[in-house]
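Since the structure comes first, as structure tokens, the remarks are kept for the end.
Reminder, nothing fancy here: chain letters follow the sequence lines and each chain counts from 1. The model shown is predicted, which means the values in this text are computed figures rather than measured ones.
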Amino acid sequence: MSHFKSQFFNLMVERGFYKSCTNEDGFDTYLYECEKSGTPAVGYLGSDPTGDSLHVGHLVPLMMMRWFQKLGNQPILLVGGATARIGDPSGKDKLRPFLSEEQLQHNVDGLRHSFGKFVKMGNGKTDSFFVDNWDWFQNINYLNFLRDVGTYYTVNRMLTLDSVKSRLEREQPMSFLEFNYQLLQGYDFCELYTKYGCRCQLAGDDQWGNITSGTELGRRRNNVELFGFTTPIITDSSGKKMGKSEGNAVWINEDKLPTYNYYQYFRNIGDADVEKCLKIYTDLPIDEINRLAALKDQEINEAKKILAFEATKICRGEAEAKQAQETAIAVFEQGLAGGELPQIAFVDGMSILDAFLEIGFVESKGEARRLAKQSGLKVNDVVVDENYKLTAADKVDGKIKISQGKKKHGIIA
RNA sequence: GGAGGGGUGGCAGAGCGGUCAAAUGCAACGGACUGUAAAUCCGUCGACUAUGGUCUACGAAGGUUCGAAUCCUUCCCCCUCCA
């Protein structure tokens, strides 16, 4: 159905990962030849350590890299220690606050942990490895850099970059510091080409401008054609970016978000998004996905369970995913208080308001009171009022189940 | 350096001496309806509370006033135009 030669391109198109490419035929041919000769193509994905974990919003390029590797290619993961010190202006109106050195190091570690879940690291032919652009930028000399790289850029061209243009059009300030971001990312690409023969950069479509900065620098300075390939920015059917739950990011790293919550995020995907998510966030073969996507109405819940399990498995491991699934089934289908739920210690006579505050479901007693007035607080699935006190008599099998609304459940034991 | 405009709740954005814990929209949350979906409808949305109130908030610090998000002074930050 598709006119591409390479497995990678065909798979990307089939699963909805393909947004755009700097040279479709060229890249396809390059990959095809690599596949034919059994030499891995080398490609990189970069991310700046502005936070200490990736979240679901970053997952699309990560899953793309996973396939890239599975099809016999070698991914390089770049952590932008240097570029994080500049701040990517894409999609922002304000200069990022500077991070302390400790914070930066902490973030780099967290990011590596996130990355490592999706591609295989090691020393083998297609194994991935980390690089940090701080390694080559920290000692660079300003004048040398300007002469080496600056000569190949025109300000005219730099101003046309979306991230720059939109800032200017919206009359928001853009510091000279941020203006330079594209040069650094462009330089990264060339550096990886020189060092590791990396010919392609794979990323989310918001990186398009920064990618072309690299491919152009490669052509002018290193006389080589570099390729850029981007994934669409995935939104749900109401047009919102994926990856937020209750206004909070759905984190990849387990210390930032319990596996049960990660599972629940995918379990609660809207009907209209199920097929898209199965293709992107799981490893399931396309035939299986087509079968699941055909399910309707209540049956689609089966597809959602599989989606949640499969997506969680990749990120958190099979055992954890299974446990999350069992918890969800116990809570929602059997009405029990399962193992993975948040838990706090029982104190006899504890006020219900304090209990909800302590378990972290509400931020103030006032909020808990309001919820109580709206019948939003339950103990063992029975609505209680704000004066309710927890006693030993509430225990069922040694524990008390408390719920806020229909979806947030916790245990007091 | 000069002239003008502006900094308000998670975001956007009104208010410009009392009736302001601050309109409206978005986001979020609870309820109804459901399928742990979507859409819709109703409600909530600073904190504490003996529910009567108390406290903290409209860039920061002072001041005027019975009373300030609103007026004055100084400072910080941003935008636009001129040099």
Side-chain angles (χ1 to χ4, degrees), chain A residues 57 89 91-98 166-178 235-250 258 260-278 292-309 311-312 324-338 340-341 351-354 356-357 359-379 381-387 401-410:
Chain A
K92 298 188 185 55
D93 270 352
K94 291 202 173 97
L95 181 63
R96 284 175 181 281
F98 288 135
S166 73
R167 238 348 143 86
L168 296 179
E169 275 168 5
R170 304 182 57 196
E171 302 188 339
Q172 294 298 315
M174 157 150 289
S175 66
F176 183 64
L177 179 76
E178 295 168 282
T235 54
D236 64 22
S237 47
S238 55
K240 283 181 283 198
K241 277 193 197 173
M242 298 285 293
K244 298 270 169 137
S245 154
E246 294 158 23
N248 299 311
V250 180
Y260 171 70
N261 295 358
Y262 190 87
Y263 177 93
Q264 282 296 307
Y265 173 75
F266 287 100
R267 176 65 246 272
N268 284 316
I269 292 289
D271 287 10
D273 299 314
V274 170
E275 180 179 355
K276 181 166 67 187
C277 289
L278 281 165
L292 292 169
L295 298 173
K296 289 272 180 299
D297 301 322
Q298 292 205 34
E299 288 192 332
I300 203 168
N301 282 316
E302 289 312 309
K304 290 185 190 178
K305 279 185 212 169
I306 291 168
L307 165 65
F309 176 73
T312 307
Q325 183 156 52
E326 280 163 12
T327 301
I329 289 173
V331 172
F332 288 98
E333 295 178 23
Q334 295 154 16
L336 303 172
E340 288 283 279
L341 297 175
S351 115
I352 190 70
L353 300 180
D354 288 331
F356 278 92
L357 189 62
I359 207 164
F361 288 174
V362 296
E363 295 200 343
S364 68
K365 283 194 197 176
E367 190 183 342
R369 273 200 188 89
R370 262 178 251 125
L371 287 168
K373 287 197 185 87
Q374 300 179 101
S375 309
L377 303 187
K378 296 190 196 104
V379 171
D381 297 315
V382 178
V383 174
V384 295
D385 72 19
E386 61 173 277
N387 299 316
K401 178 184 174 195
I402 59 173
S403 316
Q404 178 198 321
K406 282 171 292 196
K407 288 193 190 163
K408 274 191 187 174
H409 305 280

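- The local environment of CD in A:Glu363 is sparse, with at most 12 non-hydrogen atoms from other residues, nucleotides or ligands closer than 6.0 Å.
- For the residue pair A:Leu353 and A:Glu386, the shortest heavy atom distance occurs at CG-O, 3.7 Å.
- How far NZ of A:Lys305 is from OH of A:Tyr263: 7.0 Å, rounded to the nearest 0.5 Å.
- Distance check on atom P: B:rU80 versus B:rC71 gives 25 Å, rounded to whole Å.
- Note: CD1 (A:Ile269) to C1' (B:rG35) measures 15 Å, nearest angstrom.
- Look at the P atom in both B:rG30 and B:rU51: the space between them is 28 Å, to the nearest Å.
- One can place CD of A:Glu386 at 15 Å from C1' of B:rG30, the figure rounded to the nearest angstrom.
- Checking the phosphate oxygens (OP1, OP2) of B:rU36, no side-chain nitrogen or oxygen of A:Gln264 falls inside 4.0 Å.
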task: Fill in the dot-bracket string of RNA chain B, one character per base: . for unpaired, | for a pair to another strand, ( ) or [ ] for pairs within the strand, taking Watson-Crick or G-U pairs under 3.5 Å.
output: ((((((((.[[[..)..(.....]]].(((((.......))))).(((....)))...[[[[[..)....]]]]]))))))).
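- When the P atom of B:rU36 is taken as reference, atom OH of A:Tyr263 falls 13 Å away, rounded to whole Å.
- Nucleotides B:rA60 and B:rU8 place their C1' atoms 15 Å apart, quoted to the nearest Å.
- Going from the C1' atom of B:rA27 to that of B:rA3 covers 40 Å, rounded to whole Å.
- Atoms NZ (A:Lys407) and C1' (B:rU34) sit 11 Å apart, rounded to a whole Å.
- A 4.5 Å side-chain heavy-atom check between A:Arg267 and A:Asn301 finds at least one atom pair inside the cut-off.
- Between A:Val274 and A:Ala303, the closest heavy-atom pair is CG1-CB, 4.0 Å.
- Among the protein residues, A:Ala272 comes within range of no part of the nucleic acid, since none of its heavy atoms lies under 4.0 Å from any strand.
- Comparing the P positions of B:rU56 and B:rC48 gives a spacing of 15 Å, expressed to the nearest Å.
- To the nearest 0.5 Å, the span separating CD on A:Gln264 from NZ on A:Lys408 amounts to 12.5 Å.
- To the nearest whole angstrom, the two P atoms, one in B:rU44 and one in B:rC26, are 15 Å apart.
- Within the 3.5 Å criterion, the main-chain N or O of A:Ile269 finds a donor-acceptor partner in the side chain of A:Lys304.
- Take the nearest nucleotide of RNA chain B for A:Ser375 and for A:Asn268: the residue whose nucleotide is more 5' is A:Ser375.
- Here B:rU36 presents its C1' atom at 13 Å from CD of A:Gln325, a figure rounded to the nearest Å.
- Taking atom C1' in both B:rA21 and B:rA47, the straight-line distance is 11 Å, to the nearest Å.
- No hydrogens or angles were tested; on distance alone, nothing pairs the side chain of A:Lys408 with the base of B:rU36 as donor and acceptor under 3.5 Å.
- Counting heavy atoms from C-beta outward, A:Leu377 and A:Ile402 have side chains that stay 4.5 Å or more apart.
- Of the two residues near RNA chain B, A:Gln298 and A:Lys378, the one whose nearest nucleotide lies more 5' is A:Lys378.
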Derivation of the side chain to side chain contact (heavy atoms under 4.5 Å, CB included) call for A:Lys365 and A:Asp354: CA-CA 7 Å; A:Lys365 283 194 197 176; A:Asp354 288 331; 3.0 Å; yes
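- At whole-Å resolution of the value, CZ in A:Arg369 and C1' in B:rG43 are 19 Å apart.
- Atom CZ of A:Arg267 and atom P of B:rA38 are 11 Å apart (whole Å).
- Distances from the side chain of A:Ala328 to the nucleotides B:rG30, B:rG35, B:rU36 place B:rU36 closest.
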message: Show, in sequence, the C-alpha distance, side-chain angles and deciding distance for A:Ile359 and A:Gln404, and conclude whether the side chain to side chain contact (heavy atoms under 4.5 Å, CB included) test is met.
response: CA-CA 11 Å; A:Ile359 207 164; A:Gln404 178 198 321; over 6 Å; no
Is there any protein nitrogen or oxygen under 3.5 Å from a nitrogen or oxygen in nucleotides 44-47 of chain B, and what are the pairs?
residue: B:rU44; atom: O4'; partner: A:Gln374; partner atom: OE1; Å: 3.4
residue: B:rA47; atom: OP1; partner: A:Ser364; partner atom: OG; Å: 2.8
residue: B:rA47; atom: OP2; partner: A:Arg370; partner atom: NH2; Å: 2.7

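- Regarding A:Asp273, its CG atom lies at a distance of 10 Å from the P atom of B:rA38, rounded to whole Å.
- Among B:rG31, B:rC29, B:rU36, the nucleotide with an atom closest to any side-chain atom of A:Leu371 is B:rC29.
- The residues A:Arg370 and A:Glu367 are annotated as not salt-bridged, no charged nitrogen and carboxylate oxygen being separated by less than 4.0 angstrom.
- Nucleotides B:rC82 and B:rU24 are separated by 41 Å at their P atoms, to the nearest Å.
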